[in-house]
There are 2 protein chains.
Amino acid sequence: MTPQLLALLKSNPLFQNLNDHALEQVAQAAHRLRKQDGEFFFFQGDPAARVHFVIQGKVKLAQTTGDGQQVLMEYIGPGRVFSIIAMLPKARYPVSSQAVGESEVLYWPREAIVSLNEQYPTLSANMMQLMATQIGEFQNRIRELSTQRVERRIARVLMRLARQTGQRLPDGVLIDLAISRQDLAEMTGTTLFTVSRTLKRWETNGLIESRREHVIIRQPHSLVKIAEESED
Amino acid sequence: MTPQLLALLKSNPLFQNLNDHALEQVAQAAHRLRKQDGEFFFFQGDPAARVHFVIQGKVKLAQTTGDGQQVLMEYIGPGRVFSIIAMLPKARYPVSSQAVGESEVLYWPREAIVSLNEQYPTLSANMMQLMATQIGEFQNRIRELSTQRVERRIARVLMRLARQTGQRLPDGVLIDLAISRQDLAEMTGTTLFTVSRTLKRWETNGLIESRREHVIIRQPHSLVKIAEESED
DNA sequence: TGGCGTCTTTGCGCTGGCGCAAAAAAGGGG
DNA sequence: CCCCTTTTTTGCGCCAGCGCAAAGACGCCA
């Protein structure tokens with residue numbers, strides 16, 4: 001385990017306030033795993049057995065409905081944890097996780113995490129904190145889906161992505177993630193057609209610029225307005 | 001603390017597998033609180049300081065959007081816990097909680113719960129389990145809001161309510177909860193008009209029977225069909 | 001450089017669901 | 001039993017967003 005990796009671990013909320021000894025043990029117990037673009041770490045419905053931590057690349061968490069539609073829950077980038085649910089006995093993964101680009105993770109088998117948890121209450125407190133945050137985010141998303149129109153939801157998702165993976169350009173913010181209209185549709189609960197039309201309109205008005213699978217936000221301010229109010 | 005109350009506690013997943021001594025201590029630390037119909041236990045945005053447990057009546061958890069719209073998250077009945085988030089330092093309640101009918105709860109101040117948590121790892125494991133369940137339910141709800149049409153969502157909500165508070169009748173299941181069209185709209189992310197029209201249609205077809213603020217499910221089977229497939 | 005697969009746009013038609021206003025129905029209290 | 005409040009229904013108009021099909025643009029790889 002390299003020092004950089006340790007630092008990455010340390011910077012994650014999940015491992016906050018752990019002393020060096022504890023962190024050492026956490027690192028000891030970790031396994032490393034690399035996947036090619038498009039490969040899956042696990043599938044929705046599998047018995048949940050591992051807690052994951054992204055080192056490199058991106059991981060896409062999506063839920064598939066009975067009739068094959070997808071709902072894209074989240075993109076997880078380096079330094080972030082996913083599938084904490086595997087801490088719990090007898091749980092199943094509620095989503096599938098797919099590598100976006102070549103990606104690498106650390107993971108801990110449940111037994112390891114559980115025993116670390118018993119040794120270090122701090123760890124378990126952190127974990128609860130994370131789950132609580134997650135709950136809060138989902139509640140917000142439910143509220144948005146229930147009360148906001150599509151345009152607003154798309155604006156919000158773009159802003160969130162910009163925050164998470166945004167790269168400042170001289171003239172705007174580039175969302176540094178190959179993201180198709182289809183993906184955006186799955187994140188906002190609409191169709192790729194509507195996303196396409198909406199982005200086109202924004203592009204015409206100079207709010208954004210979009211290439212195939214990429215978006216650059218030119219006027220963040222205007223986007224914020226759309227996200228918050230109803231009209232401009 | 002009466003024996004019934006202890007039994008109620010004991011039956012809750014949150015207190016599962018606690019030995020009698022632990023349960024005793026949990027009970028010791030609890031406070032009792034009674035509210036009249038419509039009164040609030042706390043408001044969205046308040047610093048989260050108490051974990052609650054419903055003894056009697058019902059509690060309605062709802063989130064209010066900036067522009068005054070409501071999203072109804074959940075009804076909590078006797079024997080269920082809410083606002084676990086108050087375990088965590090510096091959290092705020094993400095919803096408001098309102099008594100529906102005269103209601104009574106037990107509650108524990110954060111310090112009490114935290115210290116119990118440290119003494120009894122079982123408690124903290126249970127708590128995580130609960131949070132995980134919650135997360136799973138929210139994910140489902142997000143998926144439903146994203147991919148299903150209104151009619152199906154209403155059917156699902158009715159079924160859930162029937163499961164949670166359903167009362168078997170000779171000829172159907174009564175949802176034992178005063179629930180207005182407005183409430184159903186807030187639970188399904190639609191409007192009271194659409195709910196009204198949908199229920200009316202179902203009533204005409206004999207699927208349900210509805211009085212003011214009450215619904216009786218006459219043909220659960222047909223409702224399930226609507227909830228699962230697209231058409232009958 | 002050309003061909004190919006994927007992603008995106010666009011035209012067209014359609015309808016589910018919204019919003020409002022007003023009437024009707026259902027309770028509840030005095 | 002009547003009045004007042006709240007909830008529910010209903011008619012009407014409307015449009016955001018969906019779905020499909022087909023064309024177009026892009027990027028990659030050989």
Side-chain angles (χ1 to χ4, degrees), chain A residues 36-38 60 65 67-72 100-101 144-155 157-158 175 177-205 208-216 226 230-232, chain B residues 36-38 60 65 67-72 100-102 144-155 157-158 175 177-205 208-216 226 230-231:
Chain A
Q36 299 305 312
D37 181 44
K60 173 174 158 179
T65 70
D67 56 341
Q69 289 183 77
Q70 276 215 342
V71 180
L72 211 167
V100 177
E144 289 175 12
L145 282 170
S146 301
T147 64
Q148 299 175 1
R149 17 212 62 211
V150 168
E151 187 183 50
R152 211 162 152 187
R153 305 204 302 260
I154 297 175
V157 164
L158 282 187
I175 292 176
L177 177 62
I179 190 160
S180 68
R181 304 287 181 266
Q182 178 67 38
D183 289 333
L184 285 172
E186 288 172 8
M187 301 181 85
T188 50
T190 178
T191 64
L192 80 162
F193 306 107
T194 299
V195 171
S196 173
R197 285 184 258 258
T198 305
L199 292 192
K200 202 70 215 294
R201 193 166 59 247
W202 287 344
E203 185 155 26
T204 306
N205 297 340
I208 65 168
E209 195 179 319
S210 73
R211 312 195 199 313
R212 162 189 264 230
E213 302 207 292
H214 284 278
V215 176
I216 299 174
I226 293 176
S230 52
E231 297 295 307
D232 188 289
Chain B
Q36 298 306 312
D37 181 45
K60 173 174 158 179
T65 70
D67 56 340
Q69 289 183 79
Q70 277 215 342
V71 179
L72 209 166
V100 177
E102 189 173 356
E144 289 175 11
L145 283 171
S146 300
T147 64
Q148 300 176 0
R149 18 212 61 209
V150 168
E151 186 183 48
R152 213 163 151 187
R153 305 205 301 262
I154 298 175
V157 165
L158 282 188
I175 292 177
L177 177 61
I179 190 160
S180 68
R181 304 289 181 265
Q182 177 67 37
D183 290 331
L184 284 172
E186 288 172 9
M187 301 181 85
T188 50
T190 179
T191 64
L192 81 163
F193 307 106
T194 299
V195 171
S196 173
R197 283 185 260 259
T198 304
L199 292 193
K200 203 69 214 294
R201 193 166 59 248
W202 287 343
E203 185 155 28
T204 307
N205 297 340
I208 64 166
E209 195 180 318
S210 74
R211 314 195 199 314
R212 161 188 265 230
E213 302 207 290
H214 283 278
V215 176
I216 299 174
I226 292 176
S230 52
E231 297 296 304

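Every value quoted in this text rests on a predicted model; they were computed, and no experiment measured them. Residue numbering restarts at 1 for every chain, and letters A, B, ... go by the order of the sequence lines.
- You'll find that the side chain of A:Arg149 is closest to C:dG19, out of C:dG19, D:dT8, D:dC18.
- Remark: the backbone N or O of B:Leu192 is not paired with any side-chain donor or acceptor of B:Ser196 at under 3.5 angstrom.
- Distances from the side chain of A:Val150 to the nucleotides D:dT9, D:dT7, D:dG17 place D:dG17 closest.
- Between the C1' atom of D:dT10 and the CG atom of B:Leu192 lies a distance of 12 Å, rounded to the nearest Å.
- Separating the CD atom of A:Glu203 from the P atom of C:dT8 is a distance of 12 Å, rounded to the nearest angstrom.
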Identify all pairs in which a protein N or O lies below 3.5 Å from an N or O of nucleotides 20-30 of chain C, and state each distance.
| unit_1 | atom_1 | unit_2 | atom_2 | d |
| --- | --- | --- | --- | --- |
| C:dA26 | N3 | B:Arg212 | NH2 | 3.0 |

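- With no hydrogens or angles considered, no side-chain donor-acceptor pair links A:Ser146 and B:Arg153 at under 3.5 Å.
- One atom, CD of B:Gln148, and another, P of C:dG16, lie 17 Å apart when rounded to the nearest Å.
- One atom, CG of A:Leu199, and another, P of C:dC7, lie 16 Å apart when rounded to the nearest Å.
- A donor-acceptor contact shorter than 3.5 Å links the side chain of A:Thr204 to the backbone of A:Lys200.
- The distance from atom CD of A:Gln182 to atom C1' of C:dT8 is 12 Å, rounded to the nearest whole Å.
- If you check C:dT10, C:dC18, D:dT8 against the side chain of B:Ser196, the one that comes closest is D:dT8.
- If you check the side chains of A:Ser210 and A:Arg181, you find a donor sitting under 3.5 Å from an acceptor.
- B:Gln69 and A:Thr147 form no side-chain donor-acceptor contact under 3.5 Å, judged by distance and modelled atom types alone.
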Exercise for the section: Report the C-alpha distance between A:Arg201 and A:Glu151 in whole Å, list the side-chain angles of each, state the deciding distance to 0.1 Å, and finish with yes or no for salt bridge (charged side-chain N to carboxylate O under 4.0 Å, His left out). Expected result: CA-CA 11 Å; A:Arg201 193 166 59 247; A:Glu151 187 183 50; 3.0 Å; yes
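- Atom pair A:Arg181:CZ and C:dT10:C1' shows a separation of 13 Å (rounding to whole Å applied).
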